[in-house]
2 protein chains.
Amino acid sequence: MKQNVNKPTLQDVARKAGVSTATVSRCLNFPDQVAGRTQEKVNNAVRELGYSPDFGAKAMAARRTNTIGAIIPTMANALFARGLQAFQEELQLHGFTTLVASTSYSSETEEQQIRSLVARGADGLLLIGHERDPEIYRFLETQGVPVLISWVYDTAATRPSVGFDNAAAMKEIANEVISLGHRQIALISAELEFNDRATARLHGIQDAMSEAGLDASNLQVVETYYGIDEGAVAFDELMKTAKPPTAVLCGNDVLAVGALRRARELDIKVPEQVSIIGFDDLDLARATFPALTTVLVPHREMGKQAAIALASKVKDDAPIQSYELKTKLVFRDTLGPVL
Amino acid sequence: MKQNVNKPTLQDVARKAGVSTATVSRCLNFPDQVAGRTQEKVNNAVRELGYSPDFGAKAMAARRTNTIGAIIPTMANALFARGLQAFQEELQLHGFTTLVASTSYSSETEEQQIRSLVARGADGLLLIGHERDPEIYRFLETQGVPVLISWVYDTAATRPSVGFDNAAAMKEIANEVISLGHRQIALISAELEFNDRATARLHGIQDAMSEAGLDASNLQVVETYYGIDEGAVAFDELMKTAKPPTAVLCGNDVLAVGALRRARELDIKVPEQVSIIGFDDLDLARATFPALTTVLVPHREMGKQAAIALASKVKDDAPIQSYELKTKLVFRDTLGPVL
DNA sequence: TTGACTAATGTAAGCGCTTACATATACATG
DNA sequence: CATGTATATGTAAGCGCTTACATTAGTCAA
């Protein structure tokens, strides 16, 4: 290992400034409790030594970190990245630092990350979706770390959450699709296991279809990873089946963009021959040609509300209030009637 | 505050298992130094108590965190996000955890983040680009934290770096543009201040132009933020000038996608009336219509090499070896000759 | 000047771990 | 069996901070 240089400590600063360590600590944390002249001496010493407090020591002594952890599936998904950005910004206003980790959609990795963030002293945790090993929830409870679930809002769930109703949102757009005459429908979904958002969206479509009297066999589902190429491949697959769909719903805009690209490559006209629908409403959705019909997810607002809820829980131990956000259909140019 | 629950400590585990704290510690960190029967007792106690080690205490006692910090401008930029992903994966192989922070391109925020990561005990730091307040470099030196600069490779720089030559890459594509007859050229760039990558790319174009005998007045530069909409607005602006460019180079693919979108909205044919060139080669670049001509940046390889360099520096105190990665022109459908 | 405050500073006890060192136990050797 | 060696565990001293409590300095009314 290294450790060639010895980082200056509070002690060093105290010695240099000719005061006690307690005074230095106060000067740094509660300046108004310290006389002006003393502050100056201390600040000079801090500057000259290039002192920087040790977070670990501080956390241990103060028994508090003012840190909130957030674990999302992937940074690659712009929607998570942006929602988290808003979460972070709001928390900063409340005096919290955010520690971010991602799981690549692996529940195993998620568990590790949860443990790691708890070990690092997170005062609270933001998690995406409800579905995970009950043991983890037990662990968090024994550690006394409050958790807020986001990206979903499920009245049936016992834990508080800030998010939207994935099933209802998907059902709404599915209804539109069906009312335009589509009967042969497909869903390009993220992996369904350990992903209650994806599962809920699937259920939304199934619901809409069964209410419209359509048989389950009219729905084809392909699961894949997040990515444009993945969407393209999935679309390909669907078009090669015996009864190719006339409408392809996608679990997110990125998959939809991939599908759209492949449609163009296959010379399939959208929406004349097949409709393609996204989910999320990224900037991207307006930039494709034709522009993507999709479902707007208010990600920034979601991040912000999650931050507010979690901050008040951690600070004042106020019970977390669940909060439902509304999605909105955005009609652009990739959804059309069956011709 | 809260603290209703008392997290179990090493002490608690030791008591429950009927051994000393030292044994518990060893059992957790160096299991092969501990007898099998003892391991069992300890592991049971750990499980029953839901024990999780306190990172801060551990770091303080061990004087090592096995944590590497990485500070990037923004997660919103997929290229950073992906490069970082590779960085992280590689570091994990070497036994390091990565702590990520982003700055929103603010040098002030960056300074905070650097201090925060150092405080959190980062054994090393990854930073993007060379350009920052010298005081920060001094601070890092007094703290004994090794730094690796990435995303740039500049032979003139004193600090080691793992990246590519931004100026050369941009010059290369600019040469192509010029050789296709373009004389009136524009650059939609990220903000140039405190951004040596963006500045270098600008210089690359200027170089190419002056070598081709073009006057500086033939180049229009508009600085903007990262985003599709921002690219669209910038493109708009350029088209409204007295001498609109016939080729628009963009600092990244996202800006280019925005420009492309606005071109379509304005009914300007690409590449017949104006050529649009991106930078980065995101998946996105293949998904637009027409597909984007751009410059491939080997972001994953960059992240990986950066991780290797930094890990060996931190572990063995080996001097960091600079490493140059090569970019590659990717010709698709948005660059054409002047008609 | 004094006493009664308040304001500023100091003292020292931990926070939860790791690890050098000391000790105990087990086993092989002569 | 005594002895030496290896293996397993225990003891206790910090790591760099915060903070309750004790002490001292400063201020002001009487």
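By convention in this document, chain letters (A, B, ...) are assigned in the order of the sequence lines, proteins followed by strands, and residues within each chain are numbered from 1.
- Protein atom CZ of B:Phe55 is 15 Å distant from nucleotide atom P of D:dG16, rounded to whole Å.
- Proximity of A:Arg64 to the phosphate of D:dT19: a side-chain N or O atom is located under 4.0 Å from OP1 or OP2.
- With rounding to whole Å, B:Phe30 atom CZ is found 13 Å from C:dA20 atom C1'.
- Between A:Leu10 atom CG and C:dG10 atom C1' there is a gap of 14 Å when expressed in whole angstrom units.
- With rounding to whole Å, B:Glu40 atom CD is found 15 Å from D:dA8 atom P.
- Between B:Arg120 atom CZ and D:dC17 atom C1' the separation is 15 Å, expressed in whole Å.
- For the pair B:Ala61 and B:Thr38, nearest-nucleotide mapping onto DNA chain D gives the more 5' position to B:Thr38.
- B:Ser25 comes within 4.0 angstrom of a nucleotide base, judged by non-hydrogen atoms across all strands.
- In this structure, A:Arg159 forms a cation-pi arrangement with A:Tyr137, its terminal cationic atom sitting closer than 6.0 Å to the ring centre and no more than 45° off the ring axis.
- Residue B:Lys304 places its NZ atom among 12 or fewer non-hydrogen atoms of other residues, nucleotides or ligands, all under 6.0 Å distant.
- Applying the side-chain contact (heavy atoms from CB on, under 4.5 Å) test between B:Cys27 and each of B:Val19, B:Val13, B:Asn43 identifies B:Asn43 as the sole match.
- Rounded to whole angstrom, the span from the NZ atom of A:Lys58 across to the P atom of D:dC15 amounts to 20 Å.
- Distance B:Asn29 CG to C:dT19 C1': 11 Å, rounded to the nearest Å.
- The side chain of B:Ser20 approaches D:dT11 more closely than any other nucleotide in the set C:dT11, D:dT11, D:dT18.
- Look at CZ on B:Arg26: it is 8 Å from C1' on C:dT19, rounded to the nearest Å.
- Of all nucleotides listed (D:dT9, D:dT18, D:dG10), D:dG10 comes nearest to the side chain of B:Val19.
- Here A:Ala22 lies in heavy-atom contact (under 4.0 Å) with a base.
- Taking OG1 from B:Thr67 and CZ from B:Phe55, the interatomic distance works out to 3.5 Å, rounded to the nearest 0.5 Å.
- Using a 4.0 Å cut-off, some side-chain N or O of A:Arg63 falls inside it from OP1 or OP2 of C:dG16.
- Closest non-hydrogen pair, A:Gly69 versus A:Leu117, comes out as CA-CD1, 3.8 Å.
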